[in-house]
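Worksheet: the structure to be examined is printed underneath.
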Protein chains: 2
Amino acid sequence: MSTACDHDHDHHDHHLDAHGVEARLAEARKLCEAQGERMTAPRQRTLELILSQNAPMKAYDVIDRFHPDGAAKPPTVYRALGFLEQMGLIHRIESLNAFVACQGHEHDHDHPEPHSAAFLLCECCGQSEEVMLDLGSIDRKAAASGFKVRRITLEAKGLCKACQ
Amino acid sequence: MSTACDHDHDHHDHHLDAHGVEARLAEARKLCEAQGERMTAPRQRTLELILSQNAPMKAYDVIDRFHPDGAAKPPTVYRALGFLEQMGLIHRIESLNAFVACQGHEHDHDHPEPHSAAFLLCECCGQSEEVMLDLGSIDRKAAASGFKVRRITLEAKGLCKACQ
DNA sequence: TGCGCAACTGTTATGTAATAACATAATTCA
DNA sequence: TGAATTATGTTATTACATAACAGTTGCGCA
Ligand SMILES: [Zn+2]
Ligand SMILES: [Zn+2]
Ligand SMILES: [Zn+2]
Ligand SMILES: [Zn+2]
């Protein structure tokens with residue numbers, strides 16, 4: 001990220017080590033099985049790369065790192081991203097054109113499922129935090145216009161605790 | 001927009017006629033003057049096109065319609081869009097890669113200035129409504145993590161009153 | 001068992017969105 | 001006027017995402 005700052009960016013709050021990643025992959029496989037969906041190789045590889053990252057990851061970074069040698073073809077990865085998002089395993093961050101693993105398990109809804117979430121996005125270190133969203137006030141605001149909300153994108157840009 | 005619906009999409013709540021557009025352009029010129037900024041030809045033309053549209057407009061639609069004959073060059077339009085956004089005259093809709101005129105004047109803050117806003121985006125007819133945002137609850141949520149919010153993107157997708 | 005369908009992947013090509021880099025022109029102000 | 005600043009013109013490139021179709025895999029059922 002922009003390094004117009006003197007502090008380091010090693011405060012990887014959500015970084016998972018290899019064991020952590022494998023644990024999350026196992027959960028994901030279980031979820032897919034429970035839903036009658038298939039956790040295929042490209043899907044798992046895509047999720048693995050995103051889990052290994054401590055910040056939202058660009059689709060083309062996944063593409064570039066997909067194979068030990070050489071890149072994947074874009075449709076391979078974009079299809080996997082679409083699937084993972086539908087399963088509620090990852091979220092797309094619209095304002096960054098990037099994808100991040102769902103952190104819902106840190107808030108209790110332990111069985112991932114598609115959901116709207118709010119994100120705190122640090123403009124200095126690039127890390128993101130998923131926070132639970134109070135849809136109520138937005139729904140009420142919308143209802144006042146007769147609008148029926150299906151899905152909410154809420155992304156707050158600013159500075160995380162470590163970067164201020 | 002997707003026309004998997006039988007109703008028409010002519011409920012143009014925010015559509016401005018030629019006089020309305022000119023009035024808004026005049027306000028914009030006044031605002032720029034007051035701020036010591038210059039409302040140049042490409043900036044005004046870009047704003048005119050966005051005001052004339054009754055829904056968020058893609059950058060490349062502005063580019064295509066910029067000249068009566070032939071298109072503008074992308075940097076011309078992207079620079080104008082950046083300026084207009086900084087002036088608070090338009091908003092970027094992240095989830096659509098599109099731009100819409102600020103409707104703040106319909107809510108009273110009559111002197112446009114850069115601000116976070118919330119949008120209700122109809123997935124059927126494509127129209128958008130800008131609603132005032134209660135930043136409070138988001139700020140509090142962020143503060144609990146020590147996060148300092150600078151700017152908020154809030155986009156609710158769903159169906160407007162006329163499209164349900 | 002192997003046929004037939006549905007879901008998924010591979011591959012090529014293309015479409016869409018945005019910016020880098022540098023040259024030229026207009027505006028401001030001393 | 002002339003230098004500094006701001007804005008535009010222009011060419012090229014980079015970044016992001018999907019269309020279209022061929023081939024493969026998994027799976028239920030005759
Ligand atoms: Zn989540
Ligand atoms: Zn940070
Ligand atoms: Zn506004
Ligand atoms: Zn609608």
Side-chain angles (χ1 to χ4, degrees), chain A residues 1-2 28-29 32-33 35-50 53 55-67 69-87 89-100 126 153 155, chain B residues 1-2 28-29 32-50 53 56-67 69-87 89-100 126 153 155:
Chain A
M1 217 62 193
S2 86
R29 284 190 294 265
C32 287
E33 173 142 24
Q35 310 253 324
E37 300 286 349
R38 289 150 61 188
M39 176 54 82
T40 60
R43 290 168 177 177
Q44 175 156 331
R45 176 60 174 154
T46 298
L47 180 56
E48 179 187 17
L49 287 167
I50 291 174
Q53 185 95 347
M57 189 173 188
K58 299 274 195 178
Y60 271 75
D61 289 339
V62 176
I63 287 167
D64 289 342
R65 287 144 75 159
F66 195 84
H67 296 299
D69 54 334
K73 305 292 171 60
T76 301
V77 169
Y78 277 103
R79 285 192 282 229
L81 291 169
F83 171 83
L84 295 169
E85 189 175 19
Q86 283 214 338
M87 295 298 287
L89 291 165
I90 65 171
H91 294 284
R92 175 182 172 86
I93 308 296
E94 299 285 358
S95 63
L96 298 175
N97 291 341
F99 300 83
V100 71
T153 297
E155 301 169 8
Chain B
M1 216 62 191
S2 85
R29 284 190 296 265
C32 287
E33 173 141 25
Q35 310 253 324
E37 299 287 348
R38 290 148 61 187
M39 175 55 82
T40 60
R43 290 168 177 176
Q44 175 156 331
R45 175 60 174 153
T46 297
L47 180 55
E48 179 188 16
L49 286 166
I50 291 174
Q53 186 95 346
M57 191 173 186
K58 300 274 196 177
Y60 272 76
D61 288 340
V62 176
I63 287 167
D64 290 341
R65 285 143 76 158
F66 195 83
H67 295 300
D69 54 333
K73 305 291 172 57
T76 301
V77 168
Y78 277 102
R79 285 193 281 230
L81 290 169
F83 171 82
L84 294 169
E85 188 174 19
Q86 283 214 341
M87 294 298 288
L89 291 165
I90 65 171
H91 294 284
R92 176 183 171 85
I93 308 296
E94 299 285 358
S95 63
L96 298 176
N97 291 341
F99 300 84
V100 70
T153 296
E155 301 169 7

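Proteins get letters first, then strands, A, B, ... in listed order; numbering begins at 1 in each. No hydrogens, no waters, no symmetry mates; every other heavy atom, side chains included, goes into these values. Not measured: the values here are computed from a predicted model.
- Taken from CD1 in A:Ile50 to NZ in A:Lys58, the straight-line distance is 13.0 Å, to the nearest 0.5 Å.
- Scanning all heavy atoms of the two residues, the minimum distance from B:Leu89 to B:Leu47 falls at CD1-CD2, 4.3 Å.
- The shortest heavy-atom contact between A:Val100 and A:Ala55 is CG2-C, 4.5 Å.
- Closest approach of B:Arg45 and B:Arg65 over heavy atoms only: NH2-O, 2.8 Å.
- For DNA chain C, the span of nucleotides reached by chain B at under 4.0 Å from its heavy atoms goes, 5' to 3', from C:dA17 to C:dT27.
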Could you pull out every donor-acceptor pair under 3.5 Å between side chains of residues 90-99 of chain B and any protein atom, sequence neighbours left out?
from	atom 1	to	atom 2	distance (Å)
B:His91	NE2	B:His115	NE2	3.1
B:His91	NE2	B:Glu130	OE2	3.2
B:Arg92	NE	B:Glu94	OE1	3.1
B:Arg92	NH2	B:Asn97	OD1	3.1
B:Ser95	OG	B:Glu155	OE1	2.5

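- Toward the 5′ end of DNA chain D lies the nearest nucleotide of B:Pro42, the other residue of the pair B:Pro42 and A:Arg38 mapping further downstream.
- With sequence neighbours excluded, the residues satisfying side chain to side chain contact (heavy atoms under 4.5 Å, CB included) with B:Gln44 are B:Leu25, B:Arg29, B:Met39.
- With sequence neighbours left out, A:Arg38 forms a salt bridge (Lys or Arg N to Asp or Glu O under 4.0 Å) with no residue at all.
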Note to self: How would you summarise protein contacts on nucleotides 11-18 of chain D per nucleotide, using B for base, S for sugar-phosphate only and - for none, with heavy-atom distances below 4.0 Å?
What the structure shows: B----BBB

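- In this structure, B:Arg43 reaches the sugar-phosphate backbone alone: every heavy-atom distance under 4.0 Å involves primed, P, OP1 or OP2 atoms, never a base.
- One finds no side-chain N or O of B:Thr40 lying less than 4.0 angstrom from the OP1 or OP2 phosphate oxygen of D:dA7.
- Whole-Å rounding puts the B:Gln86 CD to D:dA7 C1' distance at 14 Å.
- Among residues two or more places apart in sequence or in another chain, the side-chain hydrogen bond (donor to acceptor under 3.5 Å, both in side chains) test is passed with A:Glu37 by none.
- Scanning all heavy atoms of the two residues, the minimum distance from A:Ala59 to A:Val77 falls at O-CG1, 4.0 Å.
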Note to self: Show me the dot-bracket string of DNA chain C, counting Watson-Crick or G-U pairs under 3.5 Å, with | for pairs to another strand and [ ] for crossing ones.
What the structure shows: ||||||||||||||||||||||||||||||

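- Note on residues 69-86 of chain B: no pairs pass salt bridge (Lys or Arg N to Asp or Glu O under 4.0 Å), not counting sequence neighbours.
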